[in-house]
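Working notes, beginning with the structure itself.
Computed from a prediction, not measured in an experiment: that's the story for all the values here. Positions are given from 1 along the sequence. Order of appearance sets the numbers: ligands from 1, and atoms from 1 within every ligand.
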Amino acid sequence: MKNIAVIGTGYVGLVTGTCLAETGNNVICVDIDANKIANLKRGKITIYEPQLDVYFERNLKQDRLHFTTDLAEAVAKSQLIFLALPTPPGEDGSADLSYVLGVAEQIGHLLKTEYKIIIDKSTVPVGTAERVHKAIAANSKAEFDVVSNPEFLREGFAVEDFMKPDRVVIGTSSSKARKEIEELYLPFVRQGNPILFMDERSAELTKYAANSFLATKISFMNEMANLCELLGADVDQVRIGIGSDARIGKRFLFPGIGYGGSCFPKDVQALVKSASDVKYDFKILKSVMEVNEKQKTALLPKIQKFFGNDLKGKKIAIWGLAFKPDTDDIREAPSLYIIEALLNEGAEITAFDPEAMQKVKSILGKKIKFAENQYDVLTGADALVICTEWAAFRNPDFQKMLDQIGQKVIFDGRNLYANEQMKKLGFAYYSIGRKTVKKSK
Ligand SMILES: NC(=O)c1ccc[n+]([C@@H]2O[C@H](COP(=O)([O-])OP(=O)(O)OC[C@H]3O[C@@H](n4cnc5c(N)ncnc54)[C@H](O)[C@@H]3O)[C@@H](O)[C@H]2O)c1
């Protein structure tokens, strides 16, 4: 059992804190958002993440999971202090380190004599562990280590990924810190997945390398899909054809309307900036960003063409707002880009998402309408646009859809259905990288 503080109780912080409590540790999560902490204290979970509620409730009940706005209390009570703070893009694209370094400075004032380990879970540029060390040391004479421990969890699978990680990356040059952290993570790697120890800089870069590689794979397939449309090939066939090559692998090959979320867009951008700071022109990643920007609205020209470039007053139903299924996260969600483009063209939007509607309401207000369920949203619609591949959209009640929808037209940004099936049902069906199913007469 270890006493642990987690500073920043967002997606990463809350999952980290809860999962570390689940393995028997005593955890105190800190946030400056008093409202969030008040909700968590009364047992109200603040994000949607499968399984998290079960672990959260159990550990609250067992008194292993605590919440506070008081950093001093959390630091005093803990030997291990995790930083799970935001690192949003700054104006020049680099990661904004003000949250991380600000808290580091505060920690410096709070460290007394007892040895503590500060563990950075935020995604941060190379050299940040040294900067955090300096920021703490400027205000403290206490013995401490700063460790880089990038987080690789996927939203929607966050608990599963945290409890059974493919690997744990630990960047440290301190043998004392290494021993403590190895003990902490051993319960999570019982199946033999590795805890990889390396230097701080390599650990920091590993996180950016992983996200940038995955973003590259997605953008590559999106470009391949666009080419398939022009050459009359089917991207699904090409995907299966290349994915069975073990060197390529089957995952992350699905084309769509681009990647979003709080990580890929900002991390690719930050790595390009880090590279340019050391006079390296990271050409591939610049293209990845460019391709993704364009791909977010790849459905728009198809919609415009279908309606003869006149979308004024057209009723468009949207399925899916979250940037991916099984999360309520809408940061950089492609849906928001499509909605904005459609609104600019004068379309009227009604949307449905199983988890993310509240968050979209808070930013779009009354600009769009929302429906109670995936069928109501179709009532009288001139077209359905699919932005997120929620499981409930994969095998819907097609008869109910046909009964509700005004015009039988689907623009599918996630390639959920087979063309033959759409043809049989009489839908006009536009997807990504595949042939179009024309409207039946
Ligand atoms: N979301 C993911 O899937 C994911 C995955 C891996 C890594 N990361 C990285 O982890 C970090 C955190 O990401 P997130 O998605 O959890 O962010 P988030 O925005 O969901 O949460 C950050 C939390 O920190 C709090 N906070 C801000 N300033 C604070 C302060 N001074 N003291 C205490 N709390 C403070 C905020 O109120 C918020 O609750 C980022 O660097 C991100 O890139 C995120």
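- Side-chain contact, S274 with D277: no donor N or O sits under 3.5 Å from an acceptor N or O.
- Classified by interplanar angle (parallel below 30°, tilted 30° to 60°, perpendicular above 60°), the ring pair F162/Y185 is tilted.
- Both the backbone and the side chain of S122 come within 4.0 Å of ligand 1, counting heavy atoms alone.
- In this comparison of I32, D329, V15, T123, the heavy atom closest to atom 30 (C) of ligand 1 sits on I32.
- Summary of contacts: the protein heavy atom closest to atom 20 (O) of ligand 1 is Y11 N, 3.2 Å.
- Where the criterion is an N or O separation shorter than 3.5 Å, residue side chain and backbone included, E155 meets it with respect to ligand 1.
- Every atom of ligand 1 with a heavy atom of S262 under 4.0 Å away is listed here by number and element: 1 (N).
- For E345 and Q304, the side-chain atoms include at least one donor-acceptor pair closer than 3.5 Å.
- In this structure, a donor-acceptor pair under 3.5 Å is absent between the side chains of D166 and N193.
- The side-chain hydrogen bond (donor to acceptor under 3.5 Å, both in side chains) search around R64 returns N59, not counting sequence neighbours.
- Remark: side-chain polar atoms of T327 are paired, donor with acceptor, to backbone N or O of D329 under 3.5 angstrom.
- Among all protein heavy atoms, the one lying closest to atom 16 (O) of ligand 1 is V12 N, 2.8 Å.
- Numbered from 1 in the order shown, with element, the atoms of ligand 1 that lie under 4.0 Å from a heavy atom of K36 read 38 (C), 39 (O).
- The closest side-chain donor-acceptor pair between D145 and H133, if any, does not fall under 3.5 angstrom.
- Scanning the protein for heavy atoms near atom 21 (O) of ligand 1, the closest one is G10 CA, 3.1 Å.
- Comparing C263, P88, P86, A270 by heavy-atom distance to atom 22 (C) of ligand 1, the nearest is P86.
- Given atom 31 (N) of ligand 1, the protein heavy atom at minimum distance is V103 CG2, 3.4 Å.
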Distance-only donor-acceptor pairs under 3.5 Å for side chains of residues 259-271, two or more places apart:
unit_1	atom_1	unit_2	atom_2	d
K266	NZ	T87	OG1	3.3
D267	OD2	N211	ND2	2.8

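- The option from T87, T69, V6 that lies nearest to atom 41 (O) of ligand 1, judged by heavy atoms, is T87.
- By the 3.5 Å distance cut-off applied to N or O atoms, K266 is counted among the residues near ligand 1.
- Of all the heavy atoms of V124, none lies under 4.0 Å from any atom of ligand 1, so neither backbone nor side chain is involved.
- Distances between N or O atoms of R154 and those of ligand 1 include no value under 3.5 Å.
- Side-chain N/O atoms of Q295 and N226 include a donor and acceptor closer than 3.5 Å.
- When hydrogens are left out, the protein atom nearest atom 38 (C) of ligand 1 is D31 OD2, 3.4 Å; that is the closest non-hydrogen contact.
- Donor-acceptor pairing under 3.5 Å is recorded for the side chains of K121 and N149.
- Nearest protein heavy-atom neighbour of atom 6 (C) of ligand 1: E151 O, 3.2 Å.
- Between the side chains of R434 and Y429, at least one donor N or O sits under 3.5 Å from an acceptor N or O.
- Between R331 and ligand 1, a contact under 3.5 Å exists for at least one N or O pair.
- The nearest protein atom to atom 11 (C) of ligand 1, hydrogens excluded, is given as L85 O, 3.3 Å; this is a heavy-atom distance.
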